[in-house]
Amino acid sequence: MEAAHRSDTGRKSDKPYYLAAEIDPPKGTNLEGFVESALSLRGRVDSIRVTDSEHAIMRMSPLAPCLALKEKGLEPVMVVNGRDRNRISFQGDLLGASALGITDIVIKEGHDPAEGDQPVARTSGDLDLPTMLKCASSLNAGRDLGGEKLDGATSLRIGVSLELSDDASRNRDQIDHIRRMQEFGVSSVCLGPTYDINIIEQFLPVAEETGINLYLSVMLLKSVTMIRYLNNLKGVPSIPQEYLKKMMDAPVKQDAGLTIGADFIREIAPIANGIVILAIGWKDRLPDILDLLGR
């Protein structure tokens, strides 16, 4: 497996392992808070991933926030989902991002709108993961999905985000997806958040086999209530009881969540190519966990 400190953009870091932070765009037009949060992480993380209406919560498109970061001298990674697009708009958005110099992307299918803040929304139903990968690969080769020659090809570095499940057979399906990604030029796969190292270990052989960088995501836990909520959700990996007990025993729950996250990151960092921190609704505490990690 490639060295763990190689970044999304292929650059090596002098830090012990590659580390990214994921930040949501604003729900509105004011980018000031978003940019301020990103700048507070400058030099402490290897990249900042900008989400695309994550968890089906309507927010600003990631394109403008990514451009704002580039203007501040930061190299963003743009997440783009297939839930809200058909193949025409998907290709158009990738062309637009590439024309603006935003070439590091992470493709994901996107969460069901029923989970979000506008549950009456409908998915496009046009894009599955193989089609999105074929789109991006074709654009890099100078042609659109219909085979028409482009007036300027993209130079996208293609990453993929895969959701994990509490169903072992579904996770095996995701492993099979990874095996088929080489032909599309995928450089990295980021697994959805889990604190179950047994699930993570199932993906290590396929990463070695394909040479695709494997990134692990760690969601910061805020409270006992949050852990119990996640453990009651169908289809997602449960948080092991040891972490629930640590949270219950801690005098300050939120500080305990940061400590749990930092300890788990240190445990799993040696077995993967890098870590992505998910601070859902908690971006102001990203500097605190970086302090705990010595970054």
inquiry  = Counting neighbours of CD on E242 that are heavy atoms of other residues, nucleotides or ligands and sit closer than 6.0 Å, is the number greater than 12?
reply    = yes
key: Side-chain (D46) to main-chain (L19) donor-acceptor, under 3.5 angstrom   = yes
task = Indicate yes or no for a side-chain donor-acceptor contact from S89 to the backbone of N86 under 3.5 Å, with no hydrogens or angles considered.
result = yes
query = Can you check whether I158's main-chain N or O pairs, donor with acceptor, with S187's side chain at less than 3.5 Å?
reply = yes
task = Give a yes or no answer on whether the side chain of N231 reaches the backbone of S238 with a donor-acceptor pair at less than 3.5 Å.
result = no
ask   = Side chains of S137 and N140: do they bring a donor and an acceptor to under 3.5 Å?
value = no
query = Charged N to carboxylate O under 4.0 angstrom, R170 versus D173?
reply = no
ask   = Does NZ in K72 sit with more than 12 non-hydrogen atoms of other residues, nucleotides or ligands closer than 6.0 Å?
value = no
ask   = With a cut-off of 6.0 Å (strictly less than), are more than 12 heavy atoms of other residues, nucleotides or ligands near CG of D151?
value = no
inquiry  = Could you check whether any side-chain N or O of N81 sits under 3.5 Å from a backbone N or O of D84, counting only pairs where one atom can act as donor and the other as acceptor?
reply    = yes
ask   = So, are D291 and R44 salt-bridged, with charged N and O less than 4.0 Å apart?
value = yes
ask   = Is the backbone N or O of L145 less than 3.5 Å from a side-chain atom of Q91, with the two atoms forming a donor-acceptor pair by type?
value = yes
key: Backbone of M58 reached by a side-chain donor or acceptor of D117 within 3.5 Å   = yes
request  = Please say whether more than 12 non-hydrogen atoms of neighbouring residues, nucleotides or ligands are located less than 6.0 Å from CD in Q182.
outcome  = yes
ask   = Is the CZ atom of R42 crowded by more than 12 outside heavy atoms at less than 6.0 Å?
value = yes
inquiry  = Within the supplied structure, the quantity of interest is the number of heavy atoms (other residues, nucleotides, ligands) at a distance under 6.0 Å from I197 CD1; does it exceed 12?
reply    = yes
request  = Check the angle between the aromatic planes of Y243 and F264 and answer parallel, tilted or perpendicular using the 30° and 60° thresholds.
outcome  = perpendicular
inquiry  = Has K70 got a side-chain atom pairing as donor or acceptor with G101's backbone, closer than 3.5 angstrom?
reply    = yes
key: Check: K253 side chain, M247 main-chain N or O, donor-acceptor pair, under 3.5 Å   = yes
task = Any chance you could lay out the side-chain hydrogen bond (donor to acceptor under 3.5 Å, both in side chains) test for S169 and D167, step after step, and finish with the verdict?
result = CA-CA 6 Å; S169 65; D167 183 338; 2.6 Å; yes
query = Looking only at side chains, do S47 and Y18 share a donor and an acceptor under 3.5 Å apart?
reply = yes
ask   = Near K245 NZ, under 6.0 Å, is it more than 12 heavy atoms from other residues, nucleotides or ligands?
value = no
D24-T51 side chain donor-acceptor pair, cut-off 3.5 Å = yes
ask   = Mind checking whether Y195 and M248 sit in one hydrophobic cluster, side chains of I, L, V, M, F, W, Y counted as touching below 4.5 Å?
value = yes
